[in-house]
Amino acid sequence: IVRGRAETDVAGGTSAPRPVVVYLGDEAADLAALLDGLSAETSPVILTLAPSRDVHPVAASSEAQRRIALLAIEQAAWALASKDARLSVVETRTEIDWAARHGKIIVWAPSKLVLDTAGAPETVGDGLALAEWLAIDQDAVALYLHGNVAPPAGSRVPVKTLQA
């Protein structure tokens, strides 16, 4: 992360832009078209993913299994980002803030933020609970669901469905 003097001036009072969080349950069939559509958003875009479909080790403890699932999402994030130069993989709130302020389309690698934050979801599942948690954490404008994904019940963030 590179910060300029103006960006570190807290007295300036510039708040972080409110993003939209997009949950990709399954990888988009036409990633370029999806990103083209999301590029039109006036808000920064944060893509969240389900764990990769690869076979993962089974751990003897729930904490180890949680970390394996988080790493599976990170593998999926890096694989997705490798397919389009517009995507930037980020891990922390600082990286999210910087990328959002610089117009990057963000792919979230969740381990660092989830493990360092009290109250983060304890189970990873298909990643949707993490996406909703991130949307709340980032004061997102909306949570967009891509593909055949059921909206979370009682979400505190407006939920919209993107066409697959």
Side-chain angles (χ1 to χ4, degrees), residues 1 3 7-8 10 14-28 34-35 38 41 43-82 87-162:
I1 300 294
R3 294 188 183 112
E7 292 173 301
T8 59
V10 176
T14 57
S15 61
R18 293 181 64 204
V20 293
V21 173
V22 180
Y23 173 73
L24 300 178
D26 290 320
E27 186 176 320
L34 176 66
L35 295 178
L38 292 171
E41 283 290 329
S43 297
V45 175
I46 302 173
L47 301 178
T48 62
L49 305 172
S52 68
R53 294 183 186 176
D54 296 336
V55 175
H56 306 287
V58 176
S61 73
S62 61
E63 179 58 26
Q65 197 64 50
R66 179 184 188 210
R67 288 175 182 253
I68 290 168
L70 290 168
L71 289 170
I73 293 173
E74 296 200 3
Q75 288 176 326
W78 283 104
L80 181 69
S82 72
L87 300 175
S88 295
V89 177
V90 301
E91 298 178 353
T92 65
R93 284 184 183 88
T94 301
E95 292 173 342
I96 290 170
D97 182 61
W98 186 89
R101 290 177 192 270
H102 289 85
K104 306 288 185 186
I105 298 176
I106 297 164
V107 183
W108 183 45
S111 292
K112 178 86 172 123
L113 190 56
V114 169
L115 295 173
D116 288 351
T117 305
E122 289 296 321
T123 58
V124 174
D126 63 1
L128 181 56
L130 290 177
E132 182 183 25
W133 175 79
L134 180 67
I136 293 166
D137 182 74
Q138 293 292 306
D139 191 26
V141 173
L143 172 61
Y144 293 169
L145 305 178
H146 180 268
N148 189 18
V149 179
S155 180
R156 296 184 353 212
V157 178
V159 177
K160 299 178 181 179
T161 302
L162 293 174

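Along the sequence shown, the residues carry numbers beginning at 1.
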Looking at [X] and [Y], what are the two nearest heavy atoms and their distance?
X	Y	result
L130	P121	CD2-CG, 3.8 Å
H146	L24	CB-CD2, 3.5 Å
W108	E91	NE1-O, 4.0 Å
A59	Q65	N-OE1, 2.6 Å
P19	Q138	CD-O, 3.5 Å
L145	P151	CD1-CA, 3.5 Å

pair [X]-[Y]: side-chain heavy atoms closer than 4.5 Å:
X	Y	result
V149	D126	no
V157	V21	no
L134	Y23	no
V90	I46	no

Check your understanding: Is there a donor-acceptor contact under 3.5 Å from the side chain of S88 to the main chain of I106?
Key -> no
Exercise for review: Would you check if the side chain of E41 reaches a backbone N or O of L38 as a donor-acceptor pair within less than 3.5 Å?
Suggested key: no
Exercise for review: State the CG-CD distance between D137 and E132, to the nearest 0.5 angstrom.
Suggested key: 12.5 Å
**Study point:** Spacing of D139 atom CG and R156 atom CZ [to the nearest 0.5 Å]
**Key:** 10.5 Å
**Study point:** Sidechain N-carboxylate O distance under 4.0 Å for D97, R93
**Key:** no
Check your understanding: Only one of E74, R67, R66 forms a side-chain hydrogen bond (donor to acceptor under 3.5 Å, both in side chains) with S111, so which one is it?
Key -> E74
Exercise for review: Any chance you could lay out the side-chain contact (heavy atoms from CB on, under 4.5 Å) test for W133 and L113, step after step, and finish with the verdict?
Suggested key: CA-CA 11 Å; W133 175 79; L113 190 56; 4.0 Å; yes
Exercise for review: Carefully, step by step, assess L47 and L35 under the rule side-chain contact (heavy atoms from CB on, under 4.5 Å).
Suggested key: CA-CA 10 Å; L47 301 178; L35 295 178; 4.1 Å; yes
